[in-house]
Amino acid sequence: MSELGPRYEHKEVEKRIYRLWEKSGYFAPEAHQPRAGNPESKKTFCIMMAPPNVTGSLHMGHALENTMIDVLIRWKRMQGYKTLWLPGIDHASISTHNVIEKELKKEGLTRFDLGRERFLEKAWEWKKQYGGIILDQLKKLGASCDWSRTRFTMDEKYIDAVLTAFVHYYKKGLIYRGLRTITWCPRCGTGISDLEVKYKEEDAILYYIQYGPFTLAPVRQETKFGDTALAVNPEDVRYKKYIGKEIEIESLDVSGQPDKPSKTKIKVAVVADDAVDPEFGTGVIKVTPAHDITDFEIAQRHKLPMLQVIDEHGRMNENAGKYGGMKTKDARDKVASDLRAVGLLLKEEPYRHNTATCERCGTVVEPLPSLQWFVKMDSLAELAKKTVRSGRTKILPANFEKNYFSWLDNIRDWCISRQLWWGHQLPVFFCKKEGGEQRVAGQAKADQKFVVAKEKPKKCPICGNCEMEQSPDVLDTWFSSALWPFATLGWPEKTDDLKKYYPTDFITSAREILNLWIMRMIFSGEEFMDKEPFAVALIHGTILTKEGRRMSKSLGTGIDPLSLIENHGADATRFGVVWQAMGSQDIRWDETSVQAGRKFNTKLWNIARFLQKKTGGKSYTTERLEGFLNGETIKGVFPEANDDDLKILEGLRATRSQVVQYLENYEFGQALHTLYDFVWHNLADKYVEQVKTREDELAREILHGVFMSCLTMLHPFMPFITEEIYQQLKPGELLMVRKW
RNA sequence: GCGCGCUUAGCUCAGCGGCAGAGCACCGCUUUUACACAGCGGGGGUCGUAGGUUCAAAUCCUACAGCGCGCACCA
């Protein structure tokens, strides 16, 4: 035993202690030795890390999430479970594209200048250089992951899992290719899913336009050239007489001189559809199947034709006649003034509405018709509902189940193809003689033949002798991460790990990930493993700035957890985060809690120094104390105890049972507050003071025992300092596997 | 528009039916050998507003207001 120094030096200690843990091998479940008489010894406890994006660096959300997980993992490990916390990285298709394309832009290049192959080379290079950084950052936080099992969603084996899943869905008839109006980001040059759209509030103008006998009030009147019908609510008495009729209306002529607006007469059908809200606007809508997803659905129901007037770059196309080539925003103004000129614009009214933008790059998205790949969601949504309804996966707090179910009730088929390069290329092969996959609407054939297989067929079954060409599209990133809980364990192979650790025990995520990821893992788990992927999905709060704003790197409002670790230590940082983690409430970040954590470090350090001085470094067995904690009476165990002893012992027992209860309910903040209060205000302020004037051996034994017990309970929260103190007091043993 | 959550001390938040709490900040005293990153003591809140239930409400119910989030809408 060595003497504790006057100060706790977190920087030196954290490096040394982390190495000690790694060397011990206890991060891997295999190192656990069954403990005699401990029924937990044979049980496993497994958590899959939410794989951070390759492009990511540690932010407060990661710190919160992974600290909570580490608390659970360390706690269970100390209880004797075989614990596995499996780390990994997500290739993050569209995010990575954004990062690399931003760099290319500095050199005045686009990804198309580079070409697919060279772009991918660059992406892999980038991955090699930066991809592991975030995992090293997690080590600094103290994360006790089994690093030997680290996975990447584009590892060879993982790719196999993704392709296997695709082929499985396809053979089952759950994946199809179809021409549909989807959300398209003109900047990223790819389709995106509903969940990748972010809405921004914006001031716009409602243009009241004369449409034959009707008045319509669109914002995006430039899409009017793509109208193929008008629609009203079937119950709307005002318009009943028009339903099913074709009416003649006056409209802008797109074929005339650009600077001479003129009118022309066209015929338009009127259909009745429930999607039309008779209360909104004038109760009549123009149906533009090519450029509005709701309208597309109406068109499908009424078999209306589709007319595309906006192209993939967000410009009007040749179908818009003289407006062709204009950007949609410019066309909107031009159309308005032309309508005004010909007397078809009745009035303008300011209107505040939400504009759909691309979540990744902020560009206004354009709904477009496009040939894409979809997963049919009906039966999968049913699976996802059943799992939660039956309680096999619990969503906590329970009120989030409501969100979950209502989203599943209104789900649309999942567009899984992306016109990007970084990711899992679709295992779909087209005949080269037909020119490979044709995607662009107009030229495309939705009934084009293809082969779905994990490997390229040797001979083209379509023409008989060409080298087949793989679809250039890659899969939505969430398609691969949906398989995470079992693909990381070796699926589709039937590995030992899969048998041992699946289903996993816990996952935690931010609210917005519930539908993006959690739900998709649930139906994937049910589909491929016949079992739920995890027992509990905990929704945690978002860390905001003190003013309640979103933390954002670009706005400079983010707090860097690494600098917190550097300045205050990993334990103080973890303390600060958990201290504020109360339920799923958002956290308005308050750095004083990290300060409190640092002070608490000092407190622990000094209690240890006092203990060392008082006992002369003597080590006591903890048998008597454990007997008491396990339910024996104080008088039975410590017959000579006085009132002060009774108080601290009872306090310890109460604290322990409360902490366990909180942890079992995933109430991390409450558990830490309870420990803090007991250690500081009962053990340090009271008992230590009382012991100062006592010279009996019992006081020393109790002080020693109570403190050791506190170190044990605090270890999951503050692993470095507690381990360091333990090493000083009991060299040769590791606190990280001491019995809780 | 529908749904969910929040509103408690200067700040950030616990408490969720029975004398208003913590961290940080503030004021006073104390360098007494674990710790001044401390100890002891103290100030500070009519618990968003208005009703209701109850012997008793910050805590339960109803309405309203403000803030935030999710979903829908954007004709």
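Here the structure is a predicted model, which is why all the values come from computation and not from measurement. All chains are named by letter (A, B, ...) in the order of the sequence lines, taking the proteins before the strands, and each is independently numbered beginning at 1.
- Comparing B/G15, B/C35, B/A25 against the side chain of A/Gln670 picks out B/G15 as the nearest.
- The base of B/G3 is not paired with the side chain of A/Asn403 by any donor and acceptor separated by under 3.5 Å.
- The A/Lys546 side chain lies nearest to B/U12 when the options are B/A34, B/U12, B/C73.
- On the C1' atoms, B/C2 is 8 Å away from B/A72, given to the nearest whole Å.
- With B/C35, B/G23, B/A25 as the choices, the nucleotide that has an atom nearest any side-chain atom of A/Arg609 turns out to be B/C35.
- Between A/Lys614 and A/Glu695 there is a salt bridge, since at least one side-chain N of the basic residue sits less than 4.0 Å from a carboxylate O of the acidic one.
- Checked against B/G5, B/C40, B/C74, the side chain of A/Asp685 finds its nearest nucleotide in B/C40.
- Residue A/Arg511 is in sugar-phosphate contact alone, with no base atom involved, counting any heavy-atom pair closer than 4.0 Å across all strands shown.
- For A/Met582, taking side-chain heavy atoms from C-beta onward, the closest of the listed nucleotides B/C37, B/U12, B/C13 is B/C13.
- We find that A/Arg220 and A/Asp292 are not joined by a salt bridge, their nearest charged nitrogen and carboxylate oxygen being 4.0 Å or further apart.
- Residue-level contact check: A/His568 touches neither bases nor backbone, having no heavy atom under 4.0 Å from any strand.
- Straight-line distance between the C1' atoms of B/C16 and B/C60: roughly 9 Å, to the nearest whole Å.
- Taking atom P on both nucleotides, B/C71 is separated from B/G18 by 37 Å, rounded to a whole Å.
- In this structure, of B/C35, B/U12, B/C69, it is B/U12 that holds the atom nearest to the side chain of A/Arg588.
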Name the atoms and distances for all side-chain donor-acceptor pairs under 3.5 Å in residues 240-251 of chain A, with sequence neighbours left out.
{"unit_1": "A/Lys245", "atom_1": "NZ", "unit_2": "A/Lys241", "atom_2": "O", "d": "3.0"}
{"unit_1": "A/Ser251", "atom_1": "OG", "unit_2": "A/Lys224", "atom_2": "NZ", "d": "2.9"}

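- With salt bridges taken as basic N to acidic carboxylate O contacts below 4.0 Å, one links A/Glu566 and A/Lys11.
- A donor-acceptor pair under 3.5 Å links the side-chain atoms of A/Asp571 to the main chain of A/Ile721, judged by distance alone.
- Comparing A/Tyr676 and A/Asn399, the nucleotide of RNA chain B nearest to each residue sits closer to the 5' end for A/Asn399.
- Side-chain N/O atoms of A/Lys599 include one lying less than 4.0 angstrom from OP1 or OP2 on B/C24.
- Residue A/Lys686 places none of its side-chain N or O atoms closer than 4.0 Å to OP1 or OP2 of B/C40.
- Atom CG in A/Asp277 sits about 9 Å away from atom C1' in B/G1, given to the nearest Å.
- For B/G39, the OP1/OP2 oxygens have a side-chain nitrogen or oxygen of A/Trp680 closer than 4.0 Å.
- Relative to the side chain of A/Gln580, the nucleotides B/C73, B/A34, B/U12 differ in distance, and B/U12 lies closest.
- Each of A/Thr592 and A/Lys692 was assigned the nucleotide of RNA chain B with the nearest heavy atom; the assignment lying further toward the 5' end belongs to A/Thr592.
- Counting non-hydrogen atoms under 4.0 angstrom, A/Trp605 reaches nothing in the nucleic acid.
- Among the atoms of the strands shown, only primed sugar atoms or phosphate atoms (P, OP1, OP2) are found under 4.0 Å from some heavy atom of A/Arg220.
- A/Val287 comes within 4.0 angstrom of no nucleic acid atom, judged by non-hydrogen atoms across all strands.
- Here B/C47 sits opposite no nucleotide as a Watson-Crick or G-U wobble pair (both hydrogen-bonding atom distances under 3.5 Å).
- Pair assignment for B/A65 gives B/U7, based on Watson-Crick or G-U wobble hydrogen-bonding distances that are each under 3.5 Å.
- Across all strands shown, B/A38 forms a Watson-Crick or G-U wobble pair, both distances under 3.5 Å, with B/U30.
- As rounded to the nearest Å, B/A20 and B/G44 have C1' atoms that lie 12 Å from one another.
- With a cut-off of 3.5 Å on both Watson-Crick or G-U wobble distances, the partner of B/G70 is given as B/C2.
- For an aromatic pair to be called close, the ring centres must be under 6.0 Å apart, and A/Phe575 with A/Phe600 satisfies this.
- Of the candidates B/G70, B/C73, B/C69, B/C73 carries the atom nearest the A/Arg412 side chain, counting heavy atoms from C-beta on.
- The side chain of A/Asn606 lies closest to B/C35, out of B/U12, B/G68, B/C35.
- Residue side chain A/Gln585 does not reach the base of B/A14 through any donor-acceptor N/O pair under 3.5 Å, judged by distance alone.
- Contact check, A/His681 against B/G23: a side-chain N or O comes under 4.0 Å of OP1 or OP2.
- Comment: A/Glu401 does not engage A/Arg389 in a salt bridge, judged by the lack of any side-chain N to carboxylate O separation of less than 4.0 angstrom.
- Spacing between atom CD1 of A/Ile205 and atom P of B/C74 amounts to 19 Å, rounded to whole angstrom units.
- For A/Val219, the listed nucleotide lying nearest its side chain is B/C74; candidates were B/G23, B/C74, B/A34.
- Partner of A/Asp586 under the salt bridge (Lys or Arg N to Asp or Glu O under 4.0 Å) criterion, out of A/Arg511, A/Lys546, A/Arg549: A/Arg511 alone.
- Taking the C1' atom of each, B/G42 and B/U33 are spaced 28 Å apart, rounded to whole Å.
- Within the 4.0 angstrom heavy-atom criterion, no nucleotide atom of any strand lies near A/Ala608.
- Following rounding to the nearest Å, A/Ile543 (CD1) and B/C13 (C1') show an atom-to-atom distance of 14 Å.
- Regarding A/Ile518, its CD1 atom lies at a distance of 15 Å from the C1' atom of B/G70, rounded to whole Å.
- Comparing the P positions of B/A34 and B/C24 gives a spacing of 22 Å, expressed to the nearest Å.
- The nucleotide B/C60 finds its pairing partner in B/G52, both defining distances of the Watson-Crick or G-U wobble pair being shorter than 3.5 Å.
- Atom-to-atom, CG of A/Asp409 to P of B/C2 comes out at 19 Å; the value is rounded to the nearest Å.
- Between the P atoms of B/U46 and B/A36, the separation comes to 37 Å (whole Å).
- Nucleotide B/G17 forms a pair with no other nucleotide shown, judged by Watson-Crick or G-U wobble geometry with both contacts under 3.5 Å.
- Here A/Lys603 lies in heavy-atom contact (under 4.0 Å) with a base.
- B/A14 and B/G45 are spaced 15 Å apart, taking the C1' atom of each and rounding to whole Å.
- Straight-line distance from the CG atom of A/Leu675 to the P atom of B/G23: 15 Å, rounded to whole Å.
- Checked against a 6.0 Å centroid threshold, the rings of A/Tyr323 and A/Phe225 count as neighbours.
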